[in-house]
Amino acid sequence: MTERAAGGGVVPRALSSFVGRKDLLAELRRRIGVAPLITLTGVGGGGKTRLALELAAQVHRAYDDGVRVVELASARGGDPELLAQVVLSAVGVPDQATTTPLETLVDYLRPRQVLLVLDNCEHLVEPVAQLVRAVLGAAPGVRVLATSRARLRVPGEVLVMVPPLDVPAEDAPMDLDYESVALLVDRAEASVPGWRVTPENWPHVVRVLRRVSGIPLAIEQAVVRMRSMPVALLADRLDDVMRVLTANDTTAVEHHQTMAALIDWSHAHCTPAERVLWARLSVFEGGFDLTAAEDVCAGDGLPSDEVADALAGLLDKSIALPSADRSRYHLLEPLRQHGAARLRAAGEQHVRQRHQDHFRREAARLAESFAGHNEAALLAAVDADMANHRVVLNDLIRDPATAHAGLQMSVDLARTRWYTYAGRLPEERLWLGRALAATPPTADPLRASAIALDAWIALCLGVERELVARRVDEADAMAREVGGPVPAVTFVRGAYAVLALGAIEGVELLRQAHEEFGALGPAFAVDHHLAHILLTVSLVLLGSRDQAEPAAEEFYAECERLGAQWGISWAHWCRGVVQTRWGDPVGALDVLMEGLRVQREIRDKWGPLWSIEALGWAHSRAGDGSAAARMLGLAHGLHRVTGVRVDGLVPFAWVTAQAVARAKAVLGDDEYARAYASPAESVEQALAVVLDEVPTPEPDRRPGGLTPAEWNVAKLVGDGLSNPEVATRLVISPATVHTHLTRIYRKLDITNRHQLITLLASMAD
C-alpha cells in the first residue's frame with residue numbers, strides 16, 4: 001500500500017512494508033542501467049506498481065535529476081495532449097506557452113538523467129508508446145519504467161513478467177522464507193492481533209496461498225477474511241471458490257481468472273450497500289473524499305447517510321485505501337476496474353453524469369468561495385481533485401451539447417488561480433483554448449472573460465506581444481458588443497498596458513476592474529482580490545512614492561483583515577519593493593524574505609519568481625553586488641525552467657536593469673557573471689538556496705564536468721572500492737557503475753581505473 005502524492009513526481013511514501021521479490025529486484029537493478037525502457041507486465045493485482053515504486057526508491061540516487069512517478073489514471077481517455085499534460089504536471093516539468101506539451105516534455109528531459117515511472121499504461125498503450133518514443137529518442141539520460149498489462153512495442157523495450165510470489169508445495173515443511181508466506185505473515189500480524197504461523201496452522205496457510213496462486217493483492221484480500229475466521233475455515237472457503245471456478249472452466253485456471261474469482265469472492269462478502277458503493281466509486285479519477293462520495297454515489301438504493309458506513313466497510317475489507325490522514329481515498333486499479341464492470345452491468349452510467357455534475361459545481365464553488373482566510377485550503381482542494389477536474393473538462397468540451405458548460409468550468413477553474421499557484425499556466429491556456437474552439441463565437445460575457453483570461457496568461461508567459469495585443473483587442477471588442485462592463489476584460493486591458501507597455505495609464509484600468517469586480521459581490525471576491533494585488537504591484541513599480549507607499553500599506557492591511565496567505569505574501573513583496581526603491585533596502589530584505597517563507601509554506605510556484613528577483617533588487621540597492629547577482633541569477637534560472645517570463649514584463653525589466661547595472665559597477669562584469677551563474681532547476685531548489693542557505697550546485701568543482709552521480713561513483717572508486725562494492729553502496733546495479741565509469745573516463749580523457757585513482761589522489765594533495 002502506498003500513499004498517493006498529491007502533486008505526483010516523487011516516489012509515493014509506502015504505508016506498508018515491501019515483502020519479497022529480492023531476486024527480481026536485483027535483476028531489475030541490473031537491467032535498468034542498460035535498457036532504456038523496462039515494462040513490468042503481469043496479472044492485475046500481481047504487484048507491478050508496488051514493485052516499480054520499490055525499485056525506484058532503491059535506485060533513485062543513480063539519477064542526477066531523480067525519479068518521477070506518473071499515475072496515468074487521469075489520462076484514461078487516450079487524448080495524447082491530455083496525456084502529455086498529465087505527465088508534465090506529475091513530473092513537475094516547467095511548461096512553455098510556445099510549444100506543445102510533448103515538445104515541452106522532451107525539451108525538459110533532453111539534458112537530464114531521470115527515471116520516469118509510468119504506472120497503469122494499459123488504458124492508453126499507443127499514446128504512451130508515442131510519448132515514450134519521443135522522450136527516449138531525444139533524451140539519452142532518461143530511463144522509463146512502465147507498468148502495463150500490454151507491451152508498449154517501443155524499440156529497446158525489455159518486457160519483464162512479474163510472476164506471482166512463490167508458494168510452498170502442499171506437503172512442504174514449515175518455512176517462512178517463501179515470499180508468499182512472508183507477505184501473508186506480515187499483513188496478518190499487522191491486522192489480526194496475536195496471530196502467528198504455527199506447525200498446526202501451517203498446512204492451512206499453505207492451502208490459502210496455493211488457492212490464491214501467490215498473487216499479492218489476492219493474498220491481501222484473503223488476509224482481510226482472517227479478521228473474522230480462522231485460517232483453516234478460510235482455506236475451506238477458498239477451496240469452494242476454486243471448485244466453482246474450475247467447474248465452470250475445464251481449461252487450466254489462469255492467474256487472471258484466479259484474481260477475478262477472488263475479487264468476485266470479496267464482492268460477495270460485501271454488504272449490498274458496500275457493493276453499490278464499490279461500483280459507483282469507480283467513476284472517480286485520482287481519488288475522492290467523503291463529501292464527493294456522498295454527492296456522487298448516494299441515491300437509488302443507497303441513502304446519503306449510509307455512504308460513510310459503506311465506505312468504512314470497504315476500508316475495513318481493503319477494497320478502498322485511505323491516505324495517511326484519511327482525508328482522501330482511492331481504489332487500487334484492479335478493484336476499480338471490477339467496480340466499473342459492475343457499474344456497467346447495473347446500467348448505472350448516470351453515476352458518471354453525477355460525477356460530472358459534482359465537479360462542475362465544485363469548480364464553481366471553489367471560484368466563488370474565497371473569503372481570504374480559506375485561500376490556501378481552496379487552492380489545496382483544487383490540487384487534490386485536479387485529476388477529476390481534467391477528466392470532466394475533457395468530457396464536457398468534447399461533447400457539443402455540453403461544450404458551453406466546459407467553457408464555464410474552464411473559466412471557473414482559471415478564476416481559482418490554481419494554475420498560477422501550481423505553476424501550470426500553459427495548462428490553463430490549453431483548456432481555455434479547447435473550450436473556446438468548441439463553442440460558437442457568439443458575443444457573451446463568459447466568452448469575453450475566457451478570451452481575457454487567455455490573454456492574461458499569455459502575457460505572463462511571455463507570448464509574443466503582438467499576439468497578446470490581438471487577444472486583448474478581441475476580448476475588448478466582444479465586451480463592447482455585449483454592451484456592459486466585463487471586469488475580466490477591463491482587468492486584462494489594464495494589465496497589458498502596465499506590464500507589456502509600462503504605461504501608467506493602465507493603473508486606472510486596474511482600479512476600474514477592482515471596482516467592477518467588487519460590485520459583483522462575494523461570488524467574485526477572488527477576482528476582486530487579484531485585481532487589488534495587480535493594482536498595488538503596478539503602483540509600486542510605476543508610481544511615485546506618494547502613490548506606492550500608501551497603496552502597499554492599504555493592501556497589507558486588507559490582507560491582514562482577510563487572513564489571505566497568498567495575498568499576504570504579495571503584500572510583503574509590495575512593501576519590500578517600496579522599501580527598496582525609496583526607503584531602507586536592508587530592511588526590505590527581511591520583508592521580502594518573510595513573503596518568501598509564506599510562499600514556501602503554501603507551496604506557491606508563482607510568487608517566488610517575483611520575490612527572489614526583488615531580493616536581487618534589494619541587495620543591489622544595499623550595495624551587496626555579489627548577493628544581488630546570486631539572487632538575479634537564481635531568478636533567471638527559474639524564468640528559464642518555468643517558462644514564466646517575469647523578466648519580460650516591462651516595468652519589472654526596468655527595475656532589474658537598474659539592479660544589474662549597480663551590481664556590475666560594484667563587482668565588474670567577470671565577477672558579476674561568476675556570481676550570477678547560480679543554477680536553479682526548480683522552485684524548491686531556489687527556495688532552499690535562499691531560505692535555508694543551502695549552497696547552490698557548483699559543477700565546476702567536479703573535474704571534467706562530471707555529474708553528481710558520476711562524481712559519487714568516481715570518489716568511491718578512488719577510495720578503492722570495486723564495481724560491485726560501489727553498486728552496493730549506492731544501491732545501483734554493477735552495470736550502471738560500469739556505464740558511469742565509461743562516461744567518467746571519456747570526460748576526464750583517461751582510459752582505466754588506475755589513472756582515475758591517481759588523478760583523484762593528485763586533486764586531494
Polar side chain donor-acceptor pair, S266 to Q221, under 3.5 angstrom: yes
Non-neighbouring partners of Q113 that pass side-chain hydrogen bond (donor to acceptor under 3.5 Å, both in side chains), sequence neighbours left out: none
Electrostatic pair E684:R603 at N-O distance under 4.0 angstrom: no
Side-chain heavy atoms of E27 within contact of V160, under 4.5 Å: no
Qualifying residues under salt bridge (Lys or Arg N to Asp or Glu O under 4.0 Å), relative to R328, sequence neighbours excluded: D385
Sidechain-backbone polar pair: K48 side chain, G42 backbone, donor-acceptor under 3.5 Å: yes
V382 and M386, any side-chain heavy atoms less than 4.5 Å apart: yes
Heavy-atom donor-acceptor pair, E220 side chain to S318 backbone, under 3.5 Å: no
Heavy-atom donor-acceptor pair, W278 side chain to L335 backbone, under 3.5 Å: yes
Quick one: side chains of residues 138-151, donor-acceptor pairs under 3.5 Å with protein atoms, not counting sequence neighbours, listed by atom name and distance.
from: R143; atom 1: NE; to: A35; atom 2: O; distance (Å): 3.4
from: R143; atom 1: NH1; to: P140; atom 2: O; distance (Å): 3.1
from: T147; atom 1: OG1; to: D119; atom 2: OD1; distance (Å): 2.5
from: T147; atom 1: OG1; to: N120; atom 2: N; distance (Å): 2.8
from: S148; atom 1: OG; to: A150; atom 2: N; distance (Å): 3.0
from: S148; atom 1: OG; to: A150; atom 2: O; distance (Å): 2.5
from: R149; atom 1: NH2; to: Q337; atom 2: OE1; distance (Å): 3.3

Counterpart residues, side chain to side chain contact (heavy atoms under 4.5 Å, CB included), relative to V206 (two or more places apart): P168, W202, R210
Aromatic ring pairing F284/F359, orientation class (parallel under 30°, perpendicular over 60°, tilted between): perpendicular
All side chain to side chain contact (heavy atoms under 4.5 Å, CB included) counterparts of A169, not counting sequence neighbours: D171, A172
Side chain to side chain contact (heavy atoms under 4.5 Å, CB included) involving I750 - partner list, sequence neighbours excluded: Y745, L748, Q755, L756
Any side-chain heavy-atom pair of V167 and S213 under 4.5 Å: no
Residues in side-chain hydrogen bond (donor to acceptor under 3.5 Å, both in side chains) contact with R153, at least two apart in sequence or another chain: none
With sequence neighbours excluded, residues passing side chain to side chain contact (heavy atoms under 4.5 Å, CB included) with A341: R344
Under the salt bridge (Lys or Arg N to Asp or Glu O under 4.0 Å) test, residues paired with E126 that sit two or more places apart: R133
side-chain hydrogen bond (donor to acceptor under 3.5 Å, both in side chains) partners of W431, counting only residues at least two apart: E427
L281 side chain near I319 side chain, heavy-atom distance below 4.5 Å: no
Euclidean distance, S722 OG relative to R753 CZ, rounded to 0.5 Å: 7.0 Å
For R743, all residues meeting salt bridge (Lys or Arg N to Asp or Glu O under 4.0 Å), sequence neighbours excluded: none
Residues in side-chain hydrogen bond (donor to acceptor under 3.5 Å, both in side chains) contact with S327, at least two apart in sequence or another chain: D325
Minimum side-chain heavy-atom gap V212-W265 below 4.5 Å: no
Side chains of V181 and D175 in contact at under 4.5 Å (non-hydrogen atoms): no
R50 and E54 ion-paired at < 4.0 Å: yes
